Every structure is written in C-alpha cells, then in structure tokens.
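Right, one structure below, let's go through it.
It should be emphasised that the depicted structure is a prediction, and the values quoted were computed from it without experimental measurement. Throughout, a chain's letter reflects where its sequence line sits, starting with A, and its residues are numbered from 1. Keep in mind that the numbers below use all heavy atoms, side chains included, and drop hydrogens, waters and symmetry copies.
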Amino acid sequence: MTRLSEYLLPTEKQAPADAEAISHKLMVRAGLIRQIGAGMWSWLPAGWRVHQKAVQIIREEMDAIGGQELLMPVLQPAELWRKSGRYGIEELFKLQDRKGSDLVLAMTHEEAVTTHVAQTVRSYRDLPLILYHFQVKERDEPRPRAGVLRTREFIMKDAYTFDRDAEGLDERYQLHVEAYDRIMERTGLRWYRVEADVGMMGGIGAHEYMAPCPAGENEVALAPGYAASVEVACADPQPVELPHAPSAPKEVSTPGITTVAEVAGALGVPEGALLKAYPVVLEGDGRMVLVLVRGDHRVNEIKLAGVLGESSRPAHPQEIATRLGPPGFVGPVGLDGRVEILLDQAALPPGASDPPSEGGHSGERGYVTGANRPDAHLLGVVPGRDFPFRAVDVRTVCAGDTVGGHPLTIEPAIEVGNIFKLGTRYSVPLGATYLDESGREQPIWMGCYGIGPARIAAAAVEQYADERGISWPRALAPFAVHLVTVGKPGDPARAAAEELYETLRAGGVEVLYDDRDAGPGEKFADAELLGCPLRLTVGKRTIESGEIEVQVRRERRDAAPIPLAGEPAELIQALEQLCQTLP
RNA sequence: CGGGGAGUGGCGCAGUCUGGUAGCGCACCCGGCUGGGGGCCGGGCGGUCGCAGGUUCAAAUCCUGUCUCCCCGACCA
C-alpha cells in the first residue's frame with residue numbers, strides 16, 4: 001500500500017516552538033498536519049487517513065439509523081441567515097460577490113437543510129427524515145488554538161432530523177444517542193455523554209460527547225453513574241463549619257478588606273463561611289438581582305440564566321454603589337426589598353429548605369456578609385432570619401462535592417460531538433411545514449447532531465500519547481501495521497521484508513513499509529512517533545530465527561512473533577487476530 | 001476585545017542592548033564508513049533577517065508604521 005521512501009510523511013524531531021497542546025505538537029511532529037494560518041490546517045496524507053477513519057465510522061453508524069448522506073454548500077446567500085435571525089452572529093464569515101450580493105460562509109447548515117426540506121416536504125407522509133453530510137464549517141473564531149482542536153475551518157458531520165411532532169423528535173433524538181454512543185465506542189476514545197446547556201431555547205434537551213484530555217477546553221463533572229458538563233452539573237456541597245450566630249448580626253470593622261480570601265483570613269473563618277454577593281442586572285428590563293453563593297463557591301452564569309429565564313450581566317460598580325452599597329462590602333441585610341435576593345441552595349441553613357417565617361432563635365449558625373457600608377462586614381447573618389431570599393441552584397460544582405454520596409471529580413475534556421433538540425426554531429422562520437391528516441399546516445420538529453472527526457483524532461492523540469509519540473486506537477490508526485526493515489540495502493533481510501510487504505498488501509492489510517535507507521534508530525523512532533498499533537521488524541535476526549518480531553505500540557509490548565515462512569493466509573489471519581485484541 | 005510573547009534557511013535557535021554586510025544544531029544534497037534504537041568522517045546547497053518607509057557612509061541591529069503567528073483571559077451560534 002505505502003512505501004515510506006515515497007510517502008509524504010514529514011516527521012520532525014522538534015515540535016514547533018509555539019505548540020503547547022500534546023496533540024498539536026505530536027500531530028505536527030508525526031507529519032499528520034501542517035498549518036497554513038491561524039486556525040487553518042492542512043491534513044497531510046497520513047493525517048487524512050486518520051480523519052477518514054473517523055469519518056467512515058460516523059458514516060456507517062449514521063447509515064445504520066437510516067441517515068441519508070447528502071452535500072450542501074458552504075457558500076450561501078446572506079438572505080437565508082437573515083431569515084433565520086443568525087446573520088448578526090459575530091463568528092459568521094460574511095462576504096460579497098462581484099455584484100455586491102451579500103454571502104456568508106456557513107458555520108452550520110440548519111438554514112440550508114431546512115430550506116430544502118421546506119421546498120420538498122409537503123405531507124406527514126414524507127416524515128420523518130434523517131439527513132446528514134460531512135462538510136467544511138467556517139467560523140471566525142476569536143481565538144483558534146491547540147492545533148486542530150479549535151480551528152476556523154473544519155469538517156463536521158452534521159445531521160438534521162425532521163419529525164411531525166415532539167414525540168417523533170424524541171425518537172429521532174434517541175436514535176442519535178444510540179448511534180453516537182456506538183461511534184464513540186468504536187473510536188476507542190475514553191468518552192462521556194454529558195447533559196449539556198440547552199441555552200435560552202427552552203430546555204428541550206441537549207447532550208455533549210466529551211473526551212477527557214489535558215488540552216480540553218470544557219470541564220466535565222464525573223462521579224460513579226454521573227457525568228455532566230460543569231456548566232450544568234449539580235451536586236451536594238461539601239459541608240462548611242459555620243460559627244455560632246449571635247441573636248442578631250454583629251458589625252465588625254474590616255477596613256479596606258474586600259476579597260473573600262482577605263475577609264476570611266482577617267476574621268479567622270473558612271471561606272465557605274462567607275456569603276459572596278454577586279449583583280447582576282437583567283438584560284431585559286434592567287432589574288437588579290442580588291445573587292448569593294457561599295464564599296468558596298462560584299456563580300455559574302449558565303445555571304443563573306436558567307433560573308432567571310434570561311441573560312444577565314454583572315452590575316457595574318456605579319450601579320452597585322447607587323442601589324446597594326459600596327462595592328466590596330455588599331450584603332443582603334437591610335436591603336428592604338430593594339432587590340430580589342437569590343440564595344444558592346448550597347448556602348441554605350442546615351435543615352432548612354424554605355425561609356423560616358419569622359424571627360430567629362439562639363443556637364443558629366451564621367455567615368459573614370458585607371454590611372452595605374464602607375469598611376464593614378456582618379457576623380452571624382442567618383438567611384431567612386436576617387434577610388428574605390429565594391433558594392436556587394446557581395453555583396458551579398467543585399471537585400469533592402458529592403452526587404449520591406460519591407465524590408465528584410472534574411476533568412478537562414474536549415467536546416467531540418453534540419446533539420440538540422431544535423424544535424421549531426428553524427422550521428418556523430424558514431417555512432418548513434407539512435400538512436397533517438386533517439390537512440392542517442404544521443411546523444416540522446427538528447433536531448441537529450454534530451460530530452467532529454478532527455477532534456476525535458486529536459482527542460485520541462491527547463489521551464493515548466506517551467513520551468515517544470502517538471499511540472492510536474486501532475480504529476483510527478493511519479495504518480494497522482508499520483513494517484520496518486533494518487539492515488543495509490542488499491541484505492537478505494531486505495528481500496524478506498519486500499516479500500512480506502507484498503504479502504500483507506495482497507492480503508488487504510493496511511501497511512506502511514519503512515523501506516528507507518536509514519538507521520534502525522531513526523526508523524523505530526519514527527514508527528513510535530506515528531503510532532500505528534503494530535510494528536513488524538524484519539532484520540538479520542528475522543532471517544536467523546525465522547520469526548517476524550511484533551511489537552504492540554501501546555505499552556511498547558512484544559507480542560508473539562510470527563513465522564516468516566508460514567502460509568500467507570495464516571500470516572494475515574494471525575495479524576488480524578492480534579489486531580482484534582488491541583485497544 | 002484585554003494582557004503577554006515571537007517573526008533570522010525546512011525545524012529549533014544565537015546575533016539586536018553597543019550599527020560595519022549573517023551564524024550554530026538538526027534536516028537536506030554528494031562521497032565514504034556503520035547497520036537492531038535518532039551512529040561516524042569529509043565535502044556541499046540553501047536566508048534581500050515578516051513587510052513598508054525613515055535615520056546613517058553603512059541597518060537583522062536605531063526610529064515610525066504595518067502585517068502575521070503563539071500563549072493566557074474574555075468569547076464560543
């Protein structure tokens with residue numbers, strides 16, 4: 001299939017100086033990818049083979065659930081995007097043709113596919129449909145990074161489903177869950193399907209497929225039986241020791257001390273014994289809301305948006321000063337209903353899920369909060385007793401929090417795929433409707449399902465690389481077998497290697513043959529850098545022993561040697577059996 | 001968009017402060033040795049120093065402008 005002496009595989013000893021991520025360094029070093037600009041990458045022959053391996057797995061599983069592959073253009077009229085309301089998106093590349101007509105480079109294909117369905121689907125009898133394609137996406141990313149992990153142009157498989165109602169969408173969605181699970185399983189990646197943010201569109205459902213790896217841009221919260229994006233994860237907080245509260249809040253002087261760490265240090269309490277005040281202003285009506293979380297917790301903007309039902313922004317210092325108190329000393333006590341107070345449930349008084357009606361009692365424990373006057377904090381503030389609140393879940397979970405009693409870990413991960421129930425978000429503006437049995441026009445219910453072969457490849461590099469290079473899962477490897485011949489040209493071993501190469505080729509084995517006139521060290525180093533699952537070595541020893549040495553790339557483990565003189569069919573079979581045992 | 005860093009041969013870098021006509025390692029080409037872990041010897045090719053303007057007898061080096069790339073953060077339909 002491929003002789004290295006004739007193959008474009010420009011390996012490098014040194015990684016590009018500006019590379020940071022493992023996959024960035026190794027994929028460049030191994031000669032898989034080359035950069036042409038910020039977020040613009042070419043796939044060299046061996047790299048493209050990996051990409052196509054991922055593509056083929058995806059294609060097979062999409063076809064298995066009845067997906068129909070098609071192809072839609074990247075270059076599209078701006079008009080479509082105006083109709084869908086997405087023309088204003090900053091990441092959208094906009095351009096004009098010579099006549100001055102506005103065009104865009106598509107970042108996904110909802111507009112295009114919905115337009116076609118609107119043109120062609122008339123009746124409930126035409127539904128459901130699963131349409132998908134592999135196509136380049138163009139996004140004007142604010143910051144491309146980490147090689148092929150985040151680029152401005154990349155190939156994505158995006159699928160779209162069309163159903164007559166929400167129940168049909170649920171079915172189509174479930175099919176995709178199953179297909180995506182199988183895809184991820186087949187790639188050999190370590191992966192999680194996590195609940196994801198459903199955004200402002202009403203929470204009808206979304207999952208992300210995450211591959212944990214050091215260069216990941218997202219975080220997943222994991223516990224036995226639980227996996228969620230940190231953006232939406234919920235967990236039981238770790239307990240915090242609160243000081244006993246006096247019968248009423250007591251003011252203490254804290255001149256110039258504003259940060260949680262400083263206040264906790266100065267007062268000798270844990271950070272979790274503070275209530276952090278986070279005033280926000282709603283984008284809609286400009287109303288201010290005071291959000292309180294424990295001092296050792298962080299407000300989660302996405303969960304907050306879900307609770308508020310709209311997006312908000314942190315209040316400006318001026319707004320805080322005018323409506324609450326001096327920034328840095330803001331607290332919930334004595335606001336007299338000026339703003340609504342949301343208390344994160346992790347800060348609820350023990351045993352209380354609702355605010356007590358009246359008064360307080362001794363033996364309670366209290367928090368430290370700002371006093372709403374300069375250089376002062378309050379001790380012994382008891383939620384409910386000292387201020388009214390609404391209990392909500394708006395904090396970001398921490399490692400060590402528990403779910404079902406199991407402690408949570410948080411890992412960086414790369415999002416390789418996502419599935420999302422769109423509902424009628426696009427069908428309505430783009431006029432994708434059908435006639436039901438009673439002849440009534442109905443909007444089509446849609447779902448969209450994306451997955452990135454490039455990220456699958458990069459995540460595999462990240463997850464399985466060692467100090468010597470890449471170690472591909474067999475499903476993604478550019479070649480199953482890396483055949484290395486050692487010894488000078490003209491040695492009998494060379495002839496044996498040539499013969500073996502032809503045998504493997506004829507037997508349909510994907511083999512890369514290092515027939516270069518180079519030293520053994522260089523060849524072995526390149527083989528380990530490229531990371532094919534099996535390395536066969538043919539040299540003097542092979543001739544002497546009559547056995548082909550076999551090394552498994554993962555763990556660099558020696559496998560049972562294969563007789564050189566065996567029947568070709570047996571040799572192929574032995575190799576294939578060995579492959580089946582590999583990760 | 002904010003902060004930081006960098007553009008000198010294919011890759012990695014020195015030289016810039018203190019101006020004097022470009023160097024090192026690897027790779028590459030030729031010859032020889034070696035041949036189971038990036039080996040050795042000898043000989044070579046290759047760069048208008050990101051670009052434009054300016055200062056100067058003279059600019060990789062000083063000044064002005066500009067482009068590009070990377071990292072951190074913000075952002076991420």
Worksheet item: When rounded to the nearest Å, what value does the distance between C1' atoms of B/rG19 and B/rC63 take?
Response: 13 Å
Discussion item. Quick check on contacts: within residues 74-86 of chain A, what sits under 4.0 Å from RNA chain B by heavy-atom distance?
Written reply: A/R86
Response to the item:
When rounded to whole Å, the CD to C1' distance for the pair A/Q14 and B/rC11 reads 6 Å
Worksheet item: For B/rG35, which nucleotide is its Watson-Crick or G-U wobble mate, given both distances must be under 3.5 Å?
Response: none
Practice prompt. Between B/rU21 and B/rU8, how far apart are the C1' atoms? Round to whole Å, please.
Written response: 15 Å
Discussion item. Quick check on B/rG35: is either OP1 or OP2 less than 4.0 Å from any side-chain nitrogen or oxygen of A/K540?
Written reply: no
Discussion item. Within the 4.0 Å heavy-atom criterion, would you say A/D517 contacts the bases, only the backbone, or no part of the nucleic acid?
Written reply: base
Discussion item. Contact between A/Q551 and A/L536 at the side-chain level, heavy atoms closer than 4.5 Å - yes or no?
Written reply: no
Worksheet, complete the sentence: Mate of B/rU64 across any strand shown (Watson-Crick or G-U wobble, both atom pairs under 3.5 Å) is B/rA52
Worksheet entry | side-chain hydrogen bond (donor to acceptor under 3.5 Å, both in side chains), paired with A/Y426, selected from A/K83, A/R86, A/E110 | A/R86
Practice prompt. Write down the distance separating the P atoms in B/rG2 and B/rU18, rounded off to the nearest Å.
Written response: 31 Å
Discussion item. Using a heavy-atom cut-off of 4.0 Å across all strands, would you classify A/E141 as base, sugar-phosphate, or nothing?
Written reply: nothing
Worksheet entry | Residue pairs involving residues 206-218 of chain A (criterion side-chain hydrogen bond (donor to acceptor under 3.5 Å, both in side chains); sequence neighbours excluded) | A/R145-A/E217, A/R150-A/E217, A/Y173-A/H207, A/D181-A/Y209
Worksheet item: Is a side-chain donor or acceptor of A/R395 paired with a backbone partner of A/V293 at a separation under 3.5 angstrom?
Response: no
Interface polar pairs with nucleotides 38-44 of chain B, N/O, under 3.5 angstrom:
residue	atom	partner	partner atom	Å
B/rG38	O4'	A/E522	N	3.3
B/rG38	O2'	A/K13	NZ	3.1
B/rG38	N2	A/D526	OD1	3.4

Worksheet item: With both distances under 3.5 Å as the test, what is the Watson-Crick or G-U wobble partner of B/rG46?
Response: none
Worksheet item: Quick one: on RNA chain B, does A/T108 or A/R541 contact a more 5' nucleotide (nearest heavy atom)?
Response: A/R541
Worksheet entry | B/rU16 - base-pair partner by Watson-Crick or wobble geometry, distances under 3.5 Å | none
Worksheet item: Residues two or more places apart in sequence or in another chain: which of them pass side chain to side chain contact (heavy atoms under 4.5 Å, CB included) with A/A21?
Response: A/S23, A/H24, A/A146, A/A215, A/E462
Discussion item. Between B/rC26 and B/rG20, how far apart are the two C1' atoms, rounded to whole Å?
Written reply: 31 Å
Worksheet item: If you look at every strand shown and take non-hydrogen atoms under 4.0 Å, does A/R535 touch a base, only sugar-phosphate, or nothing?
Response: base
Worksheet item: If we take the P atom in both B/rG73 and B/rC30, what is their distance in whole Å?
Response: 48 Å
Item to complete: Compute both the distance and the angle, then confirm whether A/R3 meets the cation-pi test with A/Y513: under 6.0 Å from the six-membered ring centre, within 45 degrees of the axis.
Response: no
Worksheet entry | Who pairs with B/rA77 - Watson-Crick or G-U, where each distance is under 3.5 Å | none
Practice prompt. Please state whether the rings of A/W48 and A/H51 are parallel, tilted or perpendicular, taking 30° and 60° as the class boundaries.
Written response: parallel
Practice prompt. For nucleotides B/rG46 and B/rC41, find the distance between their P atoms and express it as a whole number of Å.
Written response: 24 Å
Worksheet item: Taking A/K25 for the side chain and A/Q14 for the main chain, is one N or O donor matched with an acceptor at less than 3.5 Å?
Response: no
Discussion item. Please report the distance, rounded to the nearest Å, between CG in A/L8 and P in B/rG10.
Written reply: 16 Å
Using the 3.5 Å cut-off, write out each protein N or O paired with an N or O of nucleotides 69-73 of chain B and the distance between them.
residue	atom	partner	partner atom	Å
B/rC69	OP1	A/A38	N	2.9
B/rC70	OP1	A/Q35	NE2	2.8
B/rC70	O3'	A/D18	O	3.4
B/rC70	O2'	A/D18	O	3.0
B/rC71	OP1	A/A146	N	3.4
B/rC72	OP2	A/R143	NH1	3.2
B/rC72	OP2	A/R143	NH2	2.6

Discussion item. At 4.0 Å (heavy atoms only), tell me whether A/P16 reaches a base, stays on the sugar-phosphate, or touches nothing.
Written reply: sugar-phosphate
Discussion item. Distance check, C1' atoms only: B/rG12 and B/rA52, in whole angstrom units.
Written reply: 29 Å
Item to complete: Any strand is fair game: report the nucleotide pairing with B/rC69 by Watson-Crick or G-U wobble, both distances under 3.5 Å, or none.
Response: B/rG5
Worksheet item: Rounding to the closest angstrom, what is the interatomic distance between B/rG7 and B/rC17 at atom P?
Response: 14 Å
Below 3.5 Å, can you tabulate the donor-acceptor pairs from side chains in residues 30-47 of chain A to any protein atom, sequence neighbours excluded?
residue	atom	partner	partner atom	Å
A/R34	NH2	A/P10	O	3.4
A/R34	NH2	A/E12	OE2	3.3
A/Q35	NE2	A/G37	O	2.9
A/W41	NE1	A/G147	O	3.1

